[in-house]
Amino acid sequence: MRFPALKNAPALPPVSLFDFDALRCVASLCIVGYRRAMRVDGPRIRRRRELSGHGLRAFADSVGISASYLSRIERGLRAPQPEVLAAIAGHLQCPIEELEQRSRK
């Protein structure tokens, strides 16, 4: 099976719905392309978090990451893993796309 979005993706064996290891591999291939395409706007995450009334430590705990890691994401020093970004967006009740950097034209 090949994915059209991944031009040089290796052929994968058929996957049953309960073959979680194979599904994890497929997800990893998709995430690699996602990481290259997405740039997160850390200051936007901070503004949305503060506007929602969450403190840094409490919000980091609710997302399941350390406060220092969240701080580095918000300052633009670290790019979050896709799972972490999804958790942040979920707790901020916004789509992930709202947290990405907008290109300057």
Side-chain angles (χ1 to χ4, degrees):
M1 164 164 71
R2 291 188 188 275
F3 293 92
L6 302 172
K7 293 181 182 179
N8 296 323
L12 299 173
V15 177
S16 75
L17 291 178
F18 299 103
D19 191 352
F20 295 112
D21 289 331
L23 290 174
R24 196 171 309 129
C25 291
V26 170
S28 296
L29 288 172
C30 294
I31 289 169
V32 168
Y34 174 80
R35 282 185 185 152
R36 290 182 186 148
M38 173 148 267
R39 292 283 203 212
V40 176
D41 188 349
R44 183 174 293 143
I45 293 173
R46 175 178 282 164
R47 279 191 303 277
R48 289 190 66 104
R49 174 184 58 78
E50 289 173 345
L51 287 173
S52 68
H54 295 289
L56 180 77
R57 291 180 196 275
F59 187 76
D61 287 342
S62 68
V63 172
I65 59 175
S66 69
S68 62
Y69 182 43
L70 178 59
S71 176
R72 288 190 300 259
I73 291 170
E74 291 181 345
R75 289 181 288 143
L77 301 177
R78 291 289 308 266
Q81 298 291 324
E83 317 74 60
V84 172
L85 184 58
I88 289 171
H91 281 80
L92 292 175
Q93 298 179 345
C94 70
I96 291 175
E97 292 79 22
E98 285 188 22
L99 302 179
E100 71 181 319
Q101 288 180 345
R102 293 186 168 78
S103 59
R104 297 179 186 189
K105 295 182 180 179

Applying ring-ring contact (aromatic ring centres under 6.0 Å, His included), which residue pairs with at least one partner in residues 45-65 are found, sequence neighbours left out? H54-F59

Rounded distance [0.5 Å steps], CG in L70 versus CD1 in I88: 5.5 Å

Should we count CZ of R57 as having more than 12 external heavy atoms under 6.0 Å? no

Any heavy-atom pair between the side chains of D41 and L99 that's under 4.5 Å? no

Within the structure provided, determine whether E100 and V40 are in side-chain contact (heavy-atom separation under 4.5 Å). no

Compare every heavy atom of A86 with every heavy atom of I96, then report the nearest pair and how far apart it is. CD1-CA, 3.8 Å

Here the pair of heavy atoms bringing A67 nearest to L56 is O-CD2, 3.9 Å

Minimum-distance pair of heavy atoms, taken over all atoms of A87 and V63: CB-CG1, 3.7 Å

Which atom pair, heavy atoms only, marks the closest approach of A89 to P95? CB-C, 4.3 Å

Decide, yes or no, whether a salt bridge links R44 with E74 under the criterion of side-chain N to carboxylate O below 4.0 Å. no

Before you tell me yes or no, could you show the steps for L85 and I73 under side chain to side chain contact (heavy atoms under 4.5 Å, CB included), namely the whole-Å CA-CA distance, both residues' side-chain angles and the distance that decides it to 0.1 Å? CA-CA 10 Å; L85 184 58; I73 291 170; over 6 Å; no

Sequence neighbours excluded, the answer for side-chain hydrogen bond (donor to acceptor under 3.5 Å, both in side chains) partners of E98 is R48

With rounding to the nearest 0.5 Å, note down the distance linking OG in S66 to CZ in R72. 6.0 Å

For a quick test of reading the model, state the closest non-hydrogen atom pair linking Y69 to Q81 and the distance between them. OH-N, 3.4 Å

With distance as the sole test, does R49 use its side chain to make a donor-acceptor pair with the main-chain N or O of I45 at under 3.5 Å? no

